[in-house]
Q: 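One structure, as structure tokens, below. Some questions next.
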Amino acid sequence: MGTERLYYNDSHLTEFEACVTHVTERVSGWVAVTLDRTAFYPTGGGQPSDTGRLNETRVVECIDMEDEGVLHVIQGRGPEVGATVRGFVDWPRRLDHIQQHTGQHILSQAFVSLYDAETRGFRMLEQYSEIDVALDAPTEEKIDRAVELANRIIWEDRAVRVRQVTKEEAASLPLRKESAREGELRLIEIEGFDLTPCGGTHARAAGEVGLIAVRSFERAKGMTRIEFVAGGRALADYDRANRTARNVAAIFSAGRDEAVAAVARLMEENKRLSRRVRVLEDVAARVEAEELLAEARPLAEGARLCAGVFDDRDAESLKKLALALIANPKTVALLGSHERDAARLVFARSEDAAGDMNALMREACALLDGRGGGRGDMAQGGGRKVEKLAEAIEAAARRMTTD
Ligand SMILES: [Zn+2]
């Protein structure tokens, strides 16, 4: 048995009376109620269903069973078949869907008008919606022009009308997209702009959509995927974006619109300082190398061993120190550093010193539960057992002195 769809004639109807025609128990306490008429929009066409109440019971979802009607899924005891119930549609959610959905019609037509680029997909998500548009080589400027046109149509408050036509009549009309439906077609017309078959809920006039904004776009599957927000969502999105921009600006004690320049300056400064730090590290490495050499342990054949554990030195800095050490004759360097949650190691020897750095490194990394290796004269590695770092270096040092 079918359900008369009241939302077809009045997308702003939120209260209605109806007769229960069917009730089925579903899994785990859910009940599906079918009515002879309903103002609830069921999930379909990329748009989620309405929610609301049947008498005092929450309607959590509505499912389109086509000719068998609309299922209203409720939790709790279902009404008796034949009973009269009052339905209440959640208006804020319906208005939101009206804004996104009608906004989609307008934005999609804007891409057709400007670029002959049709919309192949539409999804209304929790915070924003997506359309997939057959638009080649999208640019910021192209998208901006479409958004501009869409908002002009909204602000001109063009009338939105619903028309029923036969398939034959539809064939002679300039529809934006084909319909697979048989029989009568329901057309949505945005005055002088767009004509398309659709069974959804729409604004009474374009102005109700309020505003359309595109959050981002990307190339996806040979099309342009456009993320957009309309109406209340556009305002909420503006609020979030504004808050983010102001919070970033506050860190720099800058005005909101100066934040980008302030961040760019900081990045530039940071690069300059990094270069300066590298230069100073070269100087420091030579001084540190002198100190480590002064405390070096003797090895066989007049060689010497320098070992050290440092805080917060990255691999490059550690390697620099190792190179400064092995620039000296007959020198072996066993160096480690803990940087955040990771231990790093650099083992190196000068050409005229003995020892297999690669083998030593593999053993040390096993202790640190990590990985590493390299050549006989230079090896690098690391691991996550930071607490074993000193032990790993000491074990390698013992190997060098006893071998
Ligand atoms: Zn529609």
Side-chain angles (χ1 to χ4, degrees), residues 3 5-14 38-50 62-64 66 70 89-113 117-125 128-134 146-147 149-151 153-154 156-165 167 169-170 173-212 214 226-234:
T3 304
R5 295 166 194 243
L6 303 170
Y7 59 84
Y8 276 167
N9 294 321
D10 185 355
S11 61
H12 290 61
L13 179 70
T14 56
T38 189
F40 281 90
Y41 179 80
T43 304
Q47 180 174 327
S49 84
D50 284 320
C62 298
I63 301 165
D64 198 339
E66 301 285 331
V70 174
V89 175
D90 289 335
W91 174 244
R93 180 176 164 95
R94 164 64 69 82
L95 175 62
D96 172 48
H97 292 173
I98 282 176
Q99 288 178 326
Q100 311 318 311
H101 183 91
T102 312
Q104 182 257 309
H105 281 235
I106 298 171
L107 188 58
S108 288
Q109 177 58 50
F111 280 103
V112 171
S113 301
E118 58 175 75
T119 293
R120 303 259 169 83
F122 167 55
R123 287 165 300 281
M124 195 188 295
L125 305 170
Y128 57 88
S129 301
E130 286 176 349
I131 47 174
D132 296 327
V133 179
V147 170
L149 173 56
N151 282 305
I153 299 299
I154 291 170
E156 286 172 5
D157 200 21
R158 304 270 184 119
V160 178
R161 295 192 192 94
V162 182
R163 278 208 252 160
Q164 298 283 350
V165 297
K167 198 103 190 168
E169 284 172 308
L173 293 169
L175 302 186
R176 177 158 52 78
K177 62 174 187 183
E178 302 279 304
S179 173
R181 278 182 180 276
E182 288 304 311
E184 284 229 312
L185 274 188
R186 181 175 187 257
L187 301 184
I188 308 303
E189 178 187 19
I190 295 166
E191 193 176 20
F193 187 63
D194 184 46
L195 189 62
T196 198
C198 185
T201 53
H202 303 89
R204 282 173 173 155
E208 199 176 5
V209 176
L211 177 73
I212 287 184
V214 164
I226 294 166
E227 223 178 270
F228 75 94
V229 280
R233 291 189 188 201

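The structure displayed is predicted, hence computed values, not measured ones. Read the numbers this way: they start at 1 and go in the same order the structure lists the ligands and their atoms. Hydrogens, waters and symmetry mates are skipped; everything else that's a heavy atom, side chains included, is used.
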Q: Hey, does Y41 have a side-chain heavy atom less than 4.5 Å from the side chain of S11?
A: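 They are not in side-chain contact.
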Q: Tell me which one of D50, V70, L6 satisfies side-chain contact (heavy atoms from CB on, under 4.5 Å) with T38.
A: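 One option only clears the test, and that one is V70.
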Q: Residues two or more places apart in sequence or in another chain: which of them pass side-chain contact (heavy atoms from CB on, under 4.5 Å) with A234?
A: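 Partners of A234 under the side-chain contact (heavy atoms from CB on, under 4.5 Å) test: L211, V229.
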Q: Looking at R120 and E118, is there a salt bridge between them, counting it only when a charged N and a carboxylate O are closer than 4.0 Å?
A: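 Looking at R120 together with E118, the answer is yes, because their closest N to O distance falls below 4.0 Å.
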Q: Check the orientation of F122 and F228. Use parallel for under 30°, tilted for 30 to 60°, and perpendicular for over 60°.
A: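 Parallel, since the angle between the ring planes stays under 30°.
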Q: Distances under 2.8 Å only: what protein N/O/S atoms are near the Zn ion (ligand 1), ordered by chain and residue?
A: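 N, O, S partners closer than 2.8 Å: H101 NE2, H105 NE2, C198 SG, H202 NE2.
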Q: Which heavy atom of Q104 sits nearest a heavy atom of R176, and at what distance?
A: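 Minimum heavy-atom separation between Q104 and R176: NE2-NH1, 4.3 Å.
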